[in-house]
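Step one of this worksheet: look at the structure below.
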Amino acid sequence: MYAFVTECLVKDGDLEFFLTTASRDVISEYCRSWGYKRSEGERCLYVPYKPEKMCHLFIGSLQLDIITHCTMSDGRIHRKISKRFGVPGEVLQWDQEARERYVEYAKRGTQTVHHARGMIVGCAGAGKTTLLKRLLGCSEEEINEVKSTEGLEVHEEIFEICDETRSLKARKSQENCETENTTIVDPKTLTFFDFGGQCAYYACHQIYLTRRAFYVVVVDASKRLDQKVDKKVCDQDGSVFSGWTYGDYFVFWIKSIHTYCGSDNEKDTNPVVLIVATHWEGSRHFRDKKELNESLRQQFPETSYLPQYITDENVYCTDITLPLHDLKTCFFNIASNKRWSENIPKEWFFFGLEINQKKHSKRILKISEITTKVPKITAKEKEDSDQAERGTQDMLRYYHDAGKALYFNENGLEKEVIIDVQWFVDAFKHIITDKLHIKGIHMTKGDWNEYYQTGNLRVRLLEEIWKHKDEELFNKVKKGNEIYSFSAMFTEGKERYLQYHKKSLLSFMQRLGLVAIGKESYYVPCMNRKEIEKELFDLINKSKSKSSVLVYQFEFLPFFLFFRLIVACMRIKNWEVLENNRTSCLYRNAALFSYSEYNIVLSVTKDSIQLQVFHPMEGYDLEKAQTCRIQGRIEEMLIDLAGTFNRKIQFERGFRCQTENVETIAMDIENHFLSEKRIPKKGRKMMCPLHSVTNRHIIDPTELTRYWEIKRETIGGDGK
């Protein structure tokens, strides 16, 4: 049979006839998609991508069984399968056993869900919330009452997508859906996420930035792009965003969207991005839309491909005195697209209803109580508790990927799932609240100042913050019942409150790199504005027992990746945060650790993370085995963290070509980054290949690479 398949099917017509008439078993045994890499001795027939009809016939002949076929190792076929059967893209990347379980569920019946999501982002004060209120048709009085968004507000399923009228219809609030009778009818809906523009809140945005959304980047047309952001709008002083302009924030958001949500597969579409210029009716700084577009494009280097997101078709200039007809039509066209439709097993659909019904009262569910509710169809599922639990885990992975829940099948977190993600984000938002939002929290000025300056959050301060928010919620829900005392908070309806779930909340926050849990305090990296002490800086600079600085350069470095790296380092056994004068050596752009008598310096710049090792004893000769062990651990964590983004984030190893009289902590490497590919492992001093004409200088390859493992390759995450 193999000889016939490979020798006789030589023309497109022959292959088409074979794919149309052969049995499913024969096609499964011999056919593979074009990008499949066969093993040695494997016999197979490759089905070309073009003409597309051939690939569609191959997929159609195997139906859902193609999800468990070996050709799934060819990632290029995933998009075609997802489009054909409505299978969630993440499912296609699961391991073989999980995909087999999905196929078994799906063959018993699926439910189509169509939930579009729009993310409204931009600098503080740009008018994001006002834009959303106008889309909802709110009154002028309601719009005038709009206040700056704190953190992130999820307006869940606030629009219904009406295909008959080709419009979006505002829906009533889903806040009290737990009291309503929910039916199996699942309308097409659109959810909007309103991202707070203050830089302090950016740390929690990683939870929601996803390929499963379209993006609305709001810019304020009344501001010049080279104008620094007003301190009254966004307190940047001492943060990594210090001195940023409105143009810087626009670039940041476009890069973030492209990085978090784009795809490495050239065949996949990039995320849909709309740019909305507000305040067009007033004293705008652009003559017309054409000038605005050109000014936005000029924020990127000529070699950048990111201006592709700025086109005449996706830029809208809004006048508050005029209706938003064009923008509403655009939102409908995006939200009604079939890309938002997915087919999930009917056994999973109930959990979406469970989330809507219980999230405002439960917040977190135990996995054990979910497993007992998952419908068990086969005798094997009814008898095998492990099989039932794995089925539950599959379902929760889907809802996690869809942004409906937070779930990690990892040691310490695998027994619970957060079903109210907005509540979780709010819990973190309350922690990173700025000075404008601390009324009613009774703590000393010293505790607050320590936290705002260093990110060190005392246990009692966190307790007071969450207690204050719980009291606010309690007063909101007691509905005037005088008998319902505050002490009832922890007896009746206790599961809705932050303090009740304190341990779980902190564990999930630590997993996401938002908070590091200590014995007497917590560390919140995004709040740290502390500069490194001069004496410590000088000590490292003057040390004779130190390595060169190993640089990891990123095309775009999502800054919070560095924060997550520091939290991960704080969890490593036998790694301790260094102390100086009884205070932790954790800084705005650097962190120092000790390991096996070695001191480790990690620092960050706009586009690089830097690593250096030194020994506290002067004249000590560093051991390469130890420095390489440290290097390996850091790179292992970087690769793992980079892999959490949808787009494959790569970074390149190298060094700063000039090391004399320059800082060794958070060095500026612009125009001085020398990739390891251009450095011989060993050799005599040589002319710097970056500066062989102007600014000529010598480099010493032996000194640069002496303590590091040089692998001469670009490394990075593999994406989700």
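- In this structure, Tyr497 and Phe474 have tilted ring planes: the angle between them lies in the 30° to 60° band.
- Each of Tyr215, Tyr316, Phe192 was compared with Phe331 under the ring-ring contact (aromatic ring centres under 6.0 Å, His included) criterion, and only Phe192 meets it.
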How far apart are the C-alpha atoms of Lys429 and Asp426, what are their side-chain angles, what is the distance that settles it, and do they pass the salt bridge (charged side-chain N to carboxylate O under 4.0 Å, His left out) test?
CA-CA 5 Å; Lys429 176 186 72 177; Asp426 286 345; 3.3 Å; yes
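- With Thr605 contributing its side chain and Asp668 its backbone, the two residues share no donor-acceptor pair below 3.5 Å.
- Glu471 and Asn475 are not linked by any side-chain donor-acceptor pair at a separation below 3.5 angstrom, with hydrogens and angles left out of the test.
- Of the possible donor and acceptor atoms, none in the side chain of His279 sits under 3.5 Å from a partner among the backbone N and O of Thr318.
- Under the 3.5 Å distance criterion, the side-chain polar atoms of Asp319 are left unmatched by any main-chain donor or acceptor of Trp280.
- Side-chain contact, Asn343 with Thr112: a donor N or O sits under 3.5 Å from an acceptor N or O.
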Please evaluate residues Tyr523 and Leu457 with respect to the criterion side-chain contact (heavy atoms from CB on, under 4.5 Å), reporting the C-alpha separation (whole Å), side-chain torsions for both, the decisive distance (0.1 Å), and the verdict.
CA-CA 6 Å; Tyr523 177 56; Leu457 177 63; over 6 Å; no
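- Minimum heavy-atom separation, Lys128 to Ile120: CB-CG2, 3.6 Å.
- The distance from atom CG of Leu132 to atom CG of Asp194, rounded to the nearest 0.5 Å, is 6.0 Å.
- No donor-acceptor pair closer than 3.5 Å links the side chain of Gln553 to the backbone N or O of Ser608.
- Atom CD in Glu291 sits 10.5 Å away from atom CG in Leu296 (nearest 0.5 Å).
- Between the side chains of Glu464 and His468, no donor-acceptor pair of N or O atoms lies under 3.5 Å.
- How far CD1 of Ile158 is from CG of Leu136: 4.5 Å, rounded to the nearest 0.5 Å.
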Check against side-chain contact (heavy atoms from CB on, under 4.5 Å), Val229 and Lys223
CA-CA 9 Å; Val229 176; Lys223 309 294 184 183; over 6 Å; no
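- Phe193 and Phe195 have tilted rings, their planes meeting at an angle from 30° to 60° on a 0 to 90° scale.
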Would Lys289 and Asp312 count as a salt bridge (charged side-chain N to carboxylate O under 4.0 Å, His left out) here? Give the steps.
CA-CA 8 Å; Lys289 180 177 171 180; Asp312 290 338; 5.5 Å; no
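- Pairing each heavy atom of Leu586 with each of Lys530, the nearest pair is O-CD, 3.8 Å.
- Residues Phe563 and Phe560 place their aromatic rings such that the two centres sit under 6.0 Å apart.
- Once rounded to the nearest 0.5 Å, the distance linking CZ of Arg496 with NE2 of His501 reads 10.5 Å.
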Given side-chain contact (heavy atoms from CB on, under 4.5 Å), test Leu498 with Lys469 step by step and report yes or no.
CA-CA 8 Å; Leu498 295 167; Lys469 293 302 174 182; 3.9 Å; yes
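- Between Gly403 and Arg117 the shortest heavy-atom distance is CA-NH1, 3.7 Å.
- With contacts defined as side-chain heavy-atom distances shorter than 4.5 Å, the pair Phe424/Ile419 does not qualify.
- Considering every non-hydrogen atom in both His285 and Ser222, the closest pair reads CD2-O, 2.9 Å.
- For an aromatic pair to be called close, the ring centres must be under 6.0 Å apart, and His258 with Phe556 fails this.
- The closest side-chain donor-acceptor pair between Thr259 and Ser256, if any, does not fall under 3.5 angstrom.
- Ion pairing of Glu156 with Lys404 is present here, as a side-chain N (NZ or NE/NH1/NH2) and a carboxylate O approach within less than 4.0 Å.
- Looking at heavy atoms from C-beta onward, Leu638 lies in side-chain contact with Leu565 at the 4.5 angstrom threshold.
- For Gln422 (side chain) and Val154 (main-chain N/O), a donor-acceptor pair under 3.5 Å exists by modelled atom type.
- Centroid-to-centroid, the aromatic rings of Trp448 and Tyr452 come within less than 6.0 Å.
- Remark: Glu294 CD is packed, more than 12 non-hydrogen atoms of other residues, nucleotides or ligands lying under 6.0 Å away.
- Judged by distance alone, the side chain of Gln308 and the main-chain N or O of Tyr305 form a donor-acceptor pair under 3.5 Å.
- Remark: side-chain polar atoms of Arg79 are not paired, donor with acceptor, to backbone N or O of Ser82 under 3.5 angstrom.
- The environment of Glu670 atom CD is sparse: at most 12 non-hydrogen atoms of other residues, nucleotides or ligands sit within 6.0 angstrom.
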Start with the C-alpha distance between Trp423 and Ile364, add both sets of side-chain angles, then the distance that settles side-chain contact (heavy atoms from CB on, under 4.5 Å), and finish with yes or no.
CA-CA 10 Å; Trp423 170 78; Ile364 297 178; 4.0 Å; yes
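- Using a 30° and 60° split on the angle between ring planes, Phe554 and Phe651 fall in the tilted class, from 30° to 60°.
- Judged by distance alone, the side chain of Arg134 and the main-chain N or O of Thr130 form no donor-acceptor pair under 3.5 Å.
- Atom NZ of Lys188 sits about 10.5 Å away from atom SG of Cys162, to the nearest 0.5 Å.
- Within the 4.5 Å cutoff, the side chain of Ile431 has heavy atoms near those of the Val524 side chain.
- In this structure the side chain of Ser167 never reaches within 4.5 angstrom of the side chain of Phe159, judged on heavy atoms.
- Checked by atom type, the side-chain pair Asp326/Thr329 shows no donor-acceptor distance below 3.5 Å.
- The minimum heavy-atom distance between Tyr249 and Cys123, with the atom names listed, is CD1-SG, 3.9 Å.
- Not one N or O on the side chain of Arg363 forms a donor-acceptor pair closer than 3.5 Å with the backbone of Ile418.
- From Ile609, atom CD1 reaches atom OH of Tyr552 across 9.5 Å, with rounding to the nearest 0.5 Å.
- Ring pair Tyr399/Phe351: centre-to-centre distance below 6.0 Å.
- Under the 4.5 Å side-chain criterion, counting only non-hydrogen atoms from C-beta, Ile334 is in contact with Leu274.
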Report the C-alpha separation of Asp288 and Lys290 in whole Å, then their side-chain angles, then the decisive distance to 0.1 Å, and conclude whether the salt bridge (charged side-chain N to carboxylate O under 4.0 Å, His left out) test is met.
CA-CA 5 Å; Asp288 49 32; Lys290 182 178 180 181; over 6 Å; no
I would like to know whether Arg212 and Glu90 meet salt bridge (charged side-chain N to carboxylate O under 4.0 Å, His left out); could you show each step before the answer?
CA-CA 11 Å; Arg212 291 171 168 269; Glu90 290 81 3; 2.7 Å; yes
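- A donor-acceptor distance shorter than 3.5 angstrom exists from the side chain of Trp466 to the backbone of Ala427, with no hydrogens or angles considered.
- Between the side chains of Glu142 and Ser139, at least one donor-acceptor pair of N or O atoms lies under 3.5 Å.
- Side-chain contact annotation: Asn456 with Tyr522, donor-acceptor N/O pair under 3.5 Å absent.
- Here the closest heavy-atom approach between residue Leu406 and residue Val417 is recorded as O-CG2, 3.4 Å.
- Side-chain atoms of Asp226 and Thr245 include no donor-acceptor pair closer than 3.5 Å.
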